[in-house]
Structure formats: structure tokens, C-alpha cells
Amino acid sequence: MHLFFGNKKKVTPKDSIVELRNTLQMLEKRETFLQTKIDNELKIAKANATKNKRAALMALKRKKQFEGQIEKISGSRLTIETQVMAIENANVNLETMKAMRAGAEAMKGIHGAMDINKVDQTMEEIRDQMELANEISDVISQPVGFGVEMDEDDLLAELDELEQEELDKKLMETDRPLQMPSVPNHPEEEDEEEAELRELRESMVM
């Protein structure tokens, strides 16, 4: 292989496809040129078919040779086109595999930092912190006595004493003679609305 191509740099799939397509264009031009030659030799053979059979036969031979070259070119074109499609498909597969490999490496990197035991431990810590937060909220929501400790039994006893004092006062008041309220010698003062109403009635009578 080195005898034919020498030491060359590594060819990429894109470079190979470009080179093969250039070769296809060259073969297409060659095929068009040979077809023109065939058409020309056929005209010569027809023109000399009755006048000069030798010239006609030579033209048909050249036409046959050109047709043979076209057949070889067609075979080469088919081979190159097949090779181009194979390279394109292989390149697509290669790029697909690269993308899939990159995705796999990314997932591996992500999961590499996520040990299942560490995940369970983290979730357990989160639950513990949530429970602690709830307990703190419950404690904060309770009323604060500002350092004064209150015994409910003492408070009830004090309340009973107050009630007894009130009862004693009421009993003492009932033992006193009843005093009738003094009747005022003058009528209660009329309020402003009653006075205005009285004046209105007196004016109507007059």
C-alpha cells in the first residue's frame, strides 16, 4: 500500500466522500465525451454503409470500443456510488456512537457522584431536619410566661377566695335596712328632644 499511496495523513470520512464525488464527476464527463464519440462514429458508419463498407466497418469498431469503455465507466461509477453510500452510513453510525458514548459518559459522571447509600443518608438527614423544624415551630408557637412559673392549683385557690369575698359582701349588704330612694321634689329635666316636641304641641294648640 505504501508503494502506491505513500505515507499520507489520516483521511477523514468527509474528505473521502468529497474525493469520491469528484471522481464521479470526472467519470460522468468522460462518459459524456465517449457517448459523443459513439454518436459520431455511428453517423460515419451510416454515411458509408453503401459507399465505403471498409470505412463503415472501422467506424463500427471504434464505436464498439467506445461502448466498452462506457460500460467500464458505468461499473466504476456504480462501485464509487456504493462506496460513498457505505462511507456516509458508516460516518452516521460513527457520529451516532460518539453521541451515545458521550451521553453514557455524562450519565456515568453524574451517577458516579451519587452513591445510593449517600442518597439514602441525605434523604434521612432531610427527614430529620424537617422533624426538628416542626418541633421548633411547635415550641415557638407556645405562649411564654417570661420566667414566671404559674401553678394552676394556686390560681384556682385564689379565685375561690375572691368568689368567697364577693359572697360575704353581698350577705353583709342584705343584712342592712333597706333605704328607699328619695323622691325629687322637682320633675326630671326633659331632654332636648322632649322639650322640642312639647313646644311643637303647644304651638299647634294655639
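Between the NZ atom in Lys63 and the CD1 atom in Ile44 there is a gap of 12.5 Å [rounded to 0.5 Å]. To the nearest 0.5 Å, atom CD of residue Gln25 and atom CD1 of residue Ile80 are 11.5 Å apart. Separation of atoms CZ (Arg62) and CD1 (Ile38) is listed at 12.5 Å; rounding is to 0.5 Å. Rounding to the nearest 0.5 Å places CD1 of Ile126 at 6.5 Å from OG1 of Thr122.
Shown here are the side chain to side chain donor-acceptor pair (under 3.5 Å) partners of Glu19, two or more places apart in sequence or in another chain: there are none. Legend: residues meeting side chain to side chain contact (heavy atoms under 4.5 Å, CB included) with Thr12, ordered by chain and number and at least two apart, are Lys14, Asp15. Taking the side chain to side chain donor-acceptor pair (under 3.5 Å) definition, one finds that Glu131 meets it with nothing, sequence neighbours left out. With sequence neighbours excluded, the residues forming a side chain to side chain contact (heavy atoms under 4.5 Å, CB included) with Lys37 are Phe33, Phe66, listed by chain and number. Residues passing the salt bridge (Lys or Arg N to Asp or Glu O under 4.0 Å) test with Glu161, sequence neighbours excluded: none. Remark: Gln69 engages Arg30 in a side chain to side chain donor-acceptor pair (under 3.5 Å) (not counting sequence neighbours).
Under the 3.5 Å distance criterion, the side-chain polar atoms of Asn93 are matched with a main-chain donor or acceptor of Asn89. For Asn52 (side chain) and Asn48 (main-chain N/O), no donor-acceptor pair under 3.5 Å exists by modelled atom type.
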Does Lys43 form a side chain to side chain contact (heavy atoms under 4.5 Å, CB included) with Lys46? I'd like the steps, not just the answer.
CA-CA 5 Å; Lys43 290 180 181 178; Lys46 288 181 179 180; 5.8 Å; no
Step by step, would you call Leu132 with Gln129 a side chain to side chain contact (heavy atoms under 4.5 Å, CB included)?
CA-CA 5 Å; Leu132 179 60; Gln129 292 302 317; 4.0 Å; yes
What do the steps show when you test Leu24 against Arg77 for side chain to side chain contact (heavy atoms under 4.5 Å, CB included), and what is the final call?
CA-CA 6 Å; Leu24 280 174; Arg77 287 181 55 190; 4.1 Å; yes
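Ion pairing of Glu166 with Lys170 is absent here, as no side-chain N (NZ or NE/NH1/NH2) approaches a carboxylate O to less than 4.0 Å. A salt bridge is defined here as a Lys NZ or Arg NE, NH1 or NH2 lying under 4.0 Å from an Asp or Glu carboxylate O, and Glu105 with Lys108 fails to meet this definition.
In the model, Gln121 has no side-chain atom that pairs as donor or acceptor with a side-chain atom of Asn117 under 3.5 Å.
Heavy atoms of other residues, nucleotides or ligands lying less than 6.0 angstrom from CZ of Arg54 number 12 at most.
Grouping the Ile, Leu, Val, Met, Phe, Trp and Tyr side chains by contacts below 4.5 angstrom, directly or via other members, places Met26 with Leu34.
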